[in-house]
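Input: a single structure, listed below in structure tokens.
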Amino acid sequence: MVMRIQLENLEGGRGDFAQVYQPDELNPVDERVILTQPATVSGKIRLSGNEVFVEGHVETLAQLECDRCLKPVQLPVNADFSLEYMTGAEYESSSVAALSEEEMSVSVFDGESIDVDEIVKEQILLALPARTLCQEECKGICPECGIDLNTGQCNCTPNEVDPRWAALKDLKQ
Ligand SMILES: [Zn+2]
Ligand SMILES: [Zn+2]
């Protein structure tokens, strides 16, 4: 663990934080994402009653695999975040009906400390697209021989029949 903010150490219930994470301190961010450059985070934390507000900014360069050809793809991350935390007890006592949609995004924490490592990982993942392609027109890998179809061709029989149409054909016979 690199950075955890203890609320009891905050003077006047507020404070600033900043941290540079080396890639190996966060890797792997998840099973499909690693960092190839340090990640920087900076922000402000504020206590208000039993709630904690954390605002800040994360920057890094993430590396993912192309969904089709598995080549590494680098994507810059540059994200602002604004988070709200409540203790579990506090969360349960505020009736779900009374929570607006915005407030539904409140996170539950232990009441003592905020895990900045976790925030940074989460924000990196949120900033990345659900789908990653090395190029819009990536041709992918031949499922038969494994050749990268962006850089070469093979003689495998192309199996272009969509399985849904194949099923229709069977019905007609
Ligand atoms: Zn690709
Ligand atoms: Zn092939």
Side-chain angles (χ1 to χ4, degrees), residues 1-5 16-45 52-85 100-109 113-173:
M1 188 195 312
V2 179
M3 191 182 216
R4 188 179 265 278
I5 299 172
D16 295 338
F17 61 93
Q19 181 73 39
V20 177
Y21 287 88
Q22 294 308 311
D24 61 5
E25 290 174 321
L26 294 174
N27 282 337
V29 182
D30 82 352
E31 65 276 358
R32 60 181 202 117
V33 180
I34 58 162
L35 300 184
T36 54
Q37 281 191 7
T40 59
V41 61
S42 60
K44 292 181 192 307
I45 181 164
V52 180
F53 297 88
V54 186
E55 262 180 35
H57 186 81
V58 175
E59 256 182 76
T60 188
L61 190 65
Q63 181 174 299
L64 296 82
E65 283 177 349
C66 171
D67 289 343
R68 290 190 195 146
C69 72
L70 307 182
K71 248 187 302 213
V73 180
Q74 311 265 357
L75 292 175
V77 170
N78 213 321
D80 288 321
F81 59 86
S82 179
L83 306 168
E84 187 177 345
Y85 293 83
S100 70
E101 204 167 305
E102 204 171 292
E103 288 168 326
M104 294 296 272
S105 65
V106 169
S107 306
V108 171
F109 83 121
S113 62
I114 298 290
D115 185 344
V116 179
D117 304 4
E118 206 49 49
I119 294 179
V120 172
K121 283 191 171 200
E122 261 178 34
Q123 295 304 316
I124 290 170
L125 293 176
L126 282 173
L128 294 170
R131 213 174 143 62
T132 314
L133 294 178
C134 62
Q135 50 177 326
E136 200 57 42
E137 299 298 318
C138 175
K139 297 192 186 84
I141 288 174
C142 171
E144 298 291 326
C145 68
I147 195 174
D148 181 347
L149 297 170
N150 297 300
T151 55
Q153 276 188 322
C154 59
N155 295 316
C156 302
T157 323
N159 182 16
E160 278 172 11
V161 182
D162 186 307
R164 286 170 296 178
W165 295 118
L168 275 182
K169 245 196 319 196
D170 286 347
L171 282 178
K172 277 188 199 151
Q173 279 165 2

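Read the numbers this way: they start at 1 and go in the same order the structure lists the ligands and their atoms.
Here C156 contributes SG and C154 contributes SG, and at the Zn ion (ligand 2) these two atoms make an angle of 110°, given to 10°. Put simply, the angle at the Zn ion (ligand 2) from SG in C145 to SG in C142 is close to 110°, to the nearest 10°.
Using a 4.5 Å heavy-atom cutoff, the side chains of I119 and V41 are not in contact. Counting heavy atoms from C-beta on, the side chains of D115 and F109 never come closer than 4.5 Å. Taking 4.5 Å as the limit, some side-chain heavy atom of H57 sits within range of a side-chain heavy atom of N78.
For residues 23-38, the side chain to side chain donor-acceptor pair (under 3.5 Å) pairs, not counting sequence neighbours, are T36-Q74.
Protein atoms that are N, O or S and lie under 2.8 Å from the Zn ion (ligand 1) are these: C66 SG, C69 SG, C134 SG, C138 SG.
In this view, P38 and V20, Q22, P23 satisfy the side-chain contact (heavy atoms from CB on, under 4.5 Å) rule, not counting sequence neighbours. Scored by the side-chain contact (heavy atoms from CB on, under 4.5 Å) test, N150 finds C69, K71, Q135, C138, K139, D148 as partners (sequence neighbours excluded).
Judged purely by atom type and a 3.5 angstrom limit, D67 has no side-chain atom pairing as donor or acceptor with the backbone of L133.
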